[in-house]
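Before any comments, here is the structure.
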2 protein chains.
Amino acid sequence: MAHFHPSRDQLVPEVLEALLRTAAVERLETSEGVDVLVRADHDPAAGVAVVSGGGSGHEPAHAGYLGEGMLAAAVPGSLFASPPVSAVLEAIRAVTGPAGCLLVIKNYTGDRLNFGLAAERAREEGLDVRTVLIRDDVALPDIEQPRGLAGTVLVHKVAGHLAAQGGSLDDVAAAAERTGAGIRTMALALTPATLPGAERDASRGAELGLGIHNEPGARSAEVSGADDAMALVLEALDARSLADEHGGRGLVAVLNDLGGCSPQEGLVLARELLGQLGVRPLARLIGPAPLMTSLDMHGFSVTLAPATEELLAAVDAPTTAPGWAPATTPGEPRTRPAGESTAEAGDPAPTTEDGRVEQAVRSGAAALTAATEELDALDRAAGDADAGTTFAAGARAVDELIGSGELGFADPAAAVRRIARSLETAMGGSSGVLLAICSTAVARALEDGRSWPEAFQAGIAAMQHHGGAVEGDRTMLDALLPAQRALAGGGGLPEAARAAGQGAEATAALTAKAGRAAYVPEAATAGAQDAGAVAVARFLDALASALR
Amino acid sequence: MAHFHPSRDQLVPEVLEALLRTAAVERLETSEGVDVLVRADHDPAAGVAVVSGGGSGHEPAHAGYLGEGMLAAAVPGSLFASPPVSAVLEAIRAVTGPAGCLLVIKNYTGDRLNFGLAAERAREEGLDVRTVLIRDDVALPDIEQPRGLAGTVLVHKVAGHLAAQGGSLDDVAAAAERTGAGIRTMALALTPATLPGAERDASRGAELGLGIHNEPGARSAEVSGADDAMALVLEALDARSLADEHGGRGLVAVLNDLGGCSPQEGLVLARELLGQLGVRPLARLIGPAPLMTSLDMHGFSVTLAPATEELLAAVDAPTTAPGWAPATTPGEPRTRPAGESTAEAGDPAPTTEDGRVEQAVRSGAAALTAATEELDALDRAAGDADAGTTFAAGARAVDELIGSGELGFADPAAAVRRIARSLETAMGGSSGVLLAICSTAVARALEDGRSWPEAFQAGIAAMQHHGGAVEGDRTMLDALLPAQRALAGGGGLPEAARAAGQGAEATAALTAKAGRAAYVPEAATAGAQDAGAVAVARFLDALASALR
């Protein structure tokens with residue numbers, strides 16, 4: 001299965017059912033069973049009713065534009081086919097009051113005739129009906145009947161907005177005509193639409209100048225990126241001249257996803273549009289969004305319209321129609337200065353008078369450096385054999401800070417904070433971040449006046465909280481937690497180091513449950529101690545010896 | 001080119017640039033040049049700041065959720081990769097005031113650690129920071145660290161809404177934890193994502209239980225339609241039990257497009273979701289919409305959460321975040337009775353006393369029936385050789401109405417209206433609708449007290465207006481317009497018929513410009529008269545002879 005599609009016959013009924021179940025719309029119960037959707041809260045007495053429709057497969061057009069400030073009724077035909085006259089007439093009857101009705105018709109023969117006859121018949125019934133024909137396609141400059149494309153949505157918005165404001169039918173129709181006359185649309189697609197039950201037509205490649213019924217484009221297009229594609233479309237729209245011509249007020253642009261673009265592609269295309277045409281001529285941008293699609297056609301269209309006051313007022317007005325995409329006002333990217341750090345980690349931490357603690361930490365660092373190859377080997381079964389190298393890098397960084405007099409323990413909290421920063425940048429990888437998390441929490445606890453055992457406990461808790469591992473998962477915690485318990489129980493560093501060593505040894509019988517090692521088969525690590533746990537034990541052991 | 005993608009390195013910067021140019025967001029100017037986006041109008045003094053982020057490629061997550069009632073800052077990493085600690089820390093610093101900050105973190109090791117360390121460091125700077133870990137994936141039931149998926153967006157909404165309402169950090173964090181604990185998400189895709197510059201992995205088919213980083217799904221899936229696909233997802237979610245369990249309040253569902261579904265597919269999937277789970281258990285539906293995508297992955301995920309009061313209040317609240325999709329309240333499809341027709345076209349029109357007009361119209365109909373084969377032949381070059389058959393069908397229908405006494409000209413307007421309805425249904429195709437448009441307008445003009453020549457003119461004008469053709473386009477108009485001018489000039493029916501005949505003859509030298517014939521090469525129709533124009537001429541000629 002290539003798509004989440006039912007059969008071709010079922011597609012439109014299912015799409016309409018979804019809308020009827022989720023949007024504030026109702027279906028007319030007509031004698032002929034034709035499909036007509038109306039706004040649930042539309043009041044025919046309230047003003048001019050704007051009605052549109054046409055073949056389906058262009059969702060959210062047209063039923064998605066039912067709502068306050070847009071359409072009062074939508075007449076969906078079957079897939080890519082005009083709705084019958086009777087359906088259009090029922091729609092007009094259902095929503096038209098004394099103020100009358102405007103039919104917005106895309107310029108296809110079927111729509112023009114069926115909506116046209118429905119209008120004539122509605123007039124015969126005493127209803128005041130006008131029609132406006134949308135012909136925004138510029139792909140075929142010599143054709144006498146340009147197609148109606150995504151620009152239609154702007155006409156829905158202008159007419160719907162004016163109708164909601166209480167405009168007369170004369171006003172609404174005139175505004176729709178003015179808007180319709182000013183819009184130009186051009187499309188480009190990489191691949192055509194796939195009809196339900198059919199294979200995608202692999203003979204068609206990228207094409208410029210497409211309609212919305214999967215008919216071939218005006219010509220094939222050579223495009224190597226979004227930049228090319230947008231350039232072709234803007235050139236075909238004569239966008240530069242249009243921008244110059246309407247330089248004062250600018251343009252309203254619609255970037256329409258024809259149905260198959262990812263959100264990322266839409267944004268990349270928007271950046272091209274804004275970059276190539278410039279931000280200044282673009283008073284508003286609507287999209288990137290699927291507004292007038294052609295099933296899953298992998299392409300886009302750009303619509304440009306002069307940014308008249310009436311168009312700006314309309315596109316800026318809110319609407320309850322779920323298919324509408326709010327207009328944005330493009331601008332240059334804005335930046336703001338970052339905040340200042342209040343705790344400067346780079347401050348030198350003064351050394352203790354006797355330098356004994358500093359010397360002990362250097363011993364611990366030396367023990368880790370000495371164990372580089374042993375720890376790398378332990379890591380080979382579970383990871384990429386770099387545990388020793390990673391711990392040694394952290395050890396070396398701390399050793400160098402102490403050696404150069406930049407790190408001393410006269411202020412223990414400041415010292416541990418300095419170590420945290422150093423480990424974060426020097427070690428890299430998960431273990432560096434985890435030790436930095438631990439040390440940062442230790443430093444904070446010390447600063448808060450907590451004892452070393454309490455601070456150690458707080459550090460391990462932070463590590464567990466953010467790392468997500470528990471004791472027995474074959475991680476550093478299997479050495480850290482026994483050591484912490486020894487300290488908490490009143491033991492000294494030697495007891496803590498012994499407990500860490502025992503914990504590390506016990507990891508040989510454990511299965512990895514956290515970190516990257518969790519993804520390797522159990523047998524691969526069987527019998528070997530966890531490199532992180534061993535590193536913790538070696539460090540504590542050296543520290544304890546030095547401070548004995 | 002398969003996608004509108006720049007290079008892999010450029011994708012994220014271009015996506016962010018588009019957002020910065022179109023949304024109310026600003027980029028932090030950081031010393032390290034990391035990417036941090038903040039709400040342009042966020043005031044750190046106003047309350048709790050909600051911050052989220054993670055790898056890019058999930059747009060609109062997370063920068064699309066910047067806005068009032070959702071996020072204050074977003075930290076986008078590179079494609080599918082966690083952002084650095086420094087970026088998260090800068091984000092926290094930029095938006096956090098006295099009320100503190102909540103970090104919403106998707107449960108991936110990188111995010112957990114980098115956001116975790118940033119939180120620790122921010123605390124060190126005196127900022128009040130909490131974290132909540134989102135782990136809504138149910139694809140891998142035995143895993144200890146479930147992934148964070150589309151359910152994350154509900155947590156953004158709940159936390160952002162509560163923060164906007166002035167909630168304390170305790171309240172906001174607790175609500176986020178509660179929401180996070182209740183959500184379940186399951187995904188299914190037909191095809192995986194395509195990374196920029198890479199080919200789509202053709203070895204992967206439909207899969208169930210996907211994450212959002214294009215890793216393989218929990219298992220491959222056999223699906224033959226949207227129904228199957230939704231059934232698999234709902235079964236994996238244990239949706240039925242969940243619905244029963246929360247029967248009273250119901251559930252909130254999120255239907256997330258993973259990036260590659262067309263709008264139509266989204267609606268088809270929504271219908272399946274509502275159909276299979278039933279409308280009753282679903283208090284709200286968010287989507288179908290791309291909310292947490294995986295580039296162009298052609299698939300969807302469903303998230304279910306208990307519809308707590310706090311969740312309902314949050315999803316119903318408006319937000320200025322452009323990526324959010326408003327919640328709808330699913331219901332049964334609603335219908336309303338269609339309006340009554342005020343002009344009943346089926347009313348019998350009484351016959352004139354002498355029956356002369358009726359007889360003349362029957363003569364015209366007979367002439368058309370007699371010309372069936374001749375007109376079909378004329379149409380062969382330009383269309384599908386059915387013009388004669390079509391006109392004959394209309395002629396026969398009118399003839400039968402007169403023969404059965406249902407159509408008479410005692411009330412000419414009523415008679416022509418009756419003919420209009422008859423032609424519309426009996427003829428079909430463009431010519432039937434065009435003649436129905438013409439007759440309907442004629443009838444209305446007669447009703448308004450206009451003379452026959454005036455009414456005829458009004459009919460032709462309506463036909464031109466809706467049909468879009470002009471004289472010389474090789475259509476019925478090339479006979480109708482000369483006839484109309486003859487009548488308007490004071491001539492009788494014989495003059496009109498003669499003018500129509502001359503007009504029809506002249507079409508042999510014309511190129512088709514309207515209707516289907518406009519799409520066939522000029523040479524194909526050269527020398528042959530237009531079938532429609534000839535039909536008009538034949539009818540008028542017979543009518544004139546009968547009324548002479």
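Labels below follow one simple rule: chain letters A, B, ... track the order of the sequence lines, proteins then strands, and each chain is numbered from 1. What you see is a predicted model; the values in this text were computed from it and never measured.
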Residue part contacting chain A, namely of B:Pro290, when any heavy atom lies under 4.5 Å = side chain

Residue, of A:Glu144, A:His465, A:Glu424, that accumulates the most heavy atom pairs under 4.5 Å with chain B = A:Glu424

Select, from A:Ala94, A:Ser224, A:Ala270, the one with the greatest count of heavy-atom pairs under 4.5 Å involving chain B.
-> A:Ser224

Is any side-chain heavy atom of B:Leu188 closer than 4.5 Å to a side-chain heavy atom of A:Phe4?
-> yes

Determine the minimum heavy-atom distance between A:Ala338 and B:Glu90, stating which atoms define it.
-> CB-OE1, 3.4 Å

Evaluate the side-chain proximity of B:Thr22 to A:Leu274: yes if any heavy-atom separation is below 4.5 Å, no if none is.
-> yes

Taking all atoms of both residues into account, what is the closest heavy-atom pair of B:Arg334 and A:Ala24, and its distance?
-> NH2-CA, 4.2 Å

Would you find a donor on one side and an acceptor on the other, under 3.5 Å apart, between the side chain of B:Arg271 and the backbone of A:Glu14?
-> no

Can you tell if the side chain of B:Arg417 reaches within under 4.5 Å of the side chain of A:Arg121, non-hydrogen atoms only?
-> no

Looking only at A:His298, A:Met297, A:Glu265, the option with the highest number of non-hydrogen pairs under 4.5 Å against chain B is A:Glu265

Mind running salt bridge (charged side-chain N to carboxylate O under 4.0 Å, His left out) on B:Glu29 and A:Arg336 for me, showing each step along the way?
-> CA-CA 6 Å; B:Glu29 260 174 356; A:Arg336 69 159 80 163; over 6 Å; no

Under 4.5 Å, counting heavy-atom pairs only, tell me which of B:Val433, B:Leu190, B:Leu267 racks up the most with chain A.
-> B:Leu190

Heavy-atom closest pair (A:Ile437 atom, B:Leu113 atom, distance to 0.1 Å) is CD1-O, 3.6 Å

Distance-only polar pair, side chains of B:His3 and A:Ser262, donor-acceptor under 3.5 Å | no

Determine yes or no for a side-chain-to-main-chain donor-acceptor pair under 3.5 angstrom, with B:Arg27 supplying the side chain and A:Thr335 the backbone.
-> no

Between chain B and each of A:Ala420, A:Ala206, A:Gly57, count heavy-atom pairs under 4.5 Å; write down the option with the most.
-> A:Gly57

Which heavy atom in A:Glu120 sits nearest to a heavy atom in B:Ala441, and how many Å separate them?
-> OE1-CB, 3.8 Å

Tell me, for A:Asn107 versus chain B, whether the close heavy atoms (under 4.5 Å) come from the side chain, the backbone, both or neither.
-> neither

How many angstroms lie between atom NE2 of B:His466 and atom CG of A:Leu133, to the nearest 0.5 angstrom?
-> 10.0 Å

Name the member of B:Asp296, B:Leu11, B:Leu295, B:Val38 that forms the most heavy-atom pairs with chain A at distances under 4.5 Å.
-> B:Leu295

Could you tell me which of B:Ala23, B:Ala2, B:Gly323 has the largest number of non-hydrogen atom pairs under 4.5 Å with chain A?
-> B:Ala2

Answer yes or no: is there a donor N or O on one side and an acceptor on the other, between the side chain of A:Gln145 and the main chain of B:Gly468, under 3.5 Å?
-> yes

Report yes if some heavy atom in the side chain of B:Glu332 is under 4.5 Å from a heavy atom in the side chain of A:Leu20; otherwise report no.
-> no

Against chain B, label A:Val223 side chain, backbone, both or neither, depending on which of its atoms sit under 4.5 Å from a heavy atom there.
-> both

Measure across A:Ala443 and B:Glu124 and return the closest heavy-atom pair with its distance rounded to 0.1 Å.
-> CB-OE2, 4.5 Å

Largest heavy-atom contact set with chain A, pairs under 4.5 Å, which of B:Ser430, B:Gly260, B:Pro196, B:Ala229 | B:Ser430

Looking at B:Pro326, B:Ala40, B:Pro60, which has the largest count of heavy-atom pairs under 4.5 Å with chain A?
-> B:Ala40

Contacting region of A:Cys438 [heavy-atom separation from chain B under 4.5 Å] = neither

Side-chain donor-acceptor contact under 3.5 Å, B:Thr293 with A:Gln264 = yes

Report yes if some heavy atom in the side chain of A:Leu434 is under 4.5 Å from a heavy atom in the side chain of B:Leu117; otherwise report no.
-> no

Output the option from B:Thr131, B:Asp228, B:Leu285 having the highest count of non-hydrogen pairs under 4.5 Å with chain A.
-> B:Thr131

Rounding to 0.5 Å, atoms OG1 (A:Thr440) and CZ (B:Arg123) come to a distance of 10.5 Å

Backbone N or O of A:Pro330 within a donor-acceptor pair of the B:Arg21 side chain at under 3.5 Å?
-> no

Do you know which of A:Gly110, A:Ala226, A:Ala325 has the most heavy-atom pairs with chain B at a distance under 4.5 angstrom?
-> A:Ala226

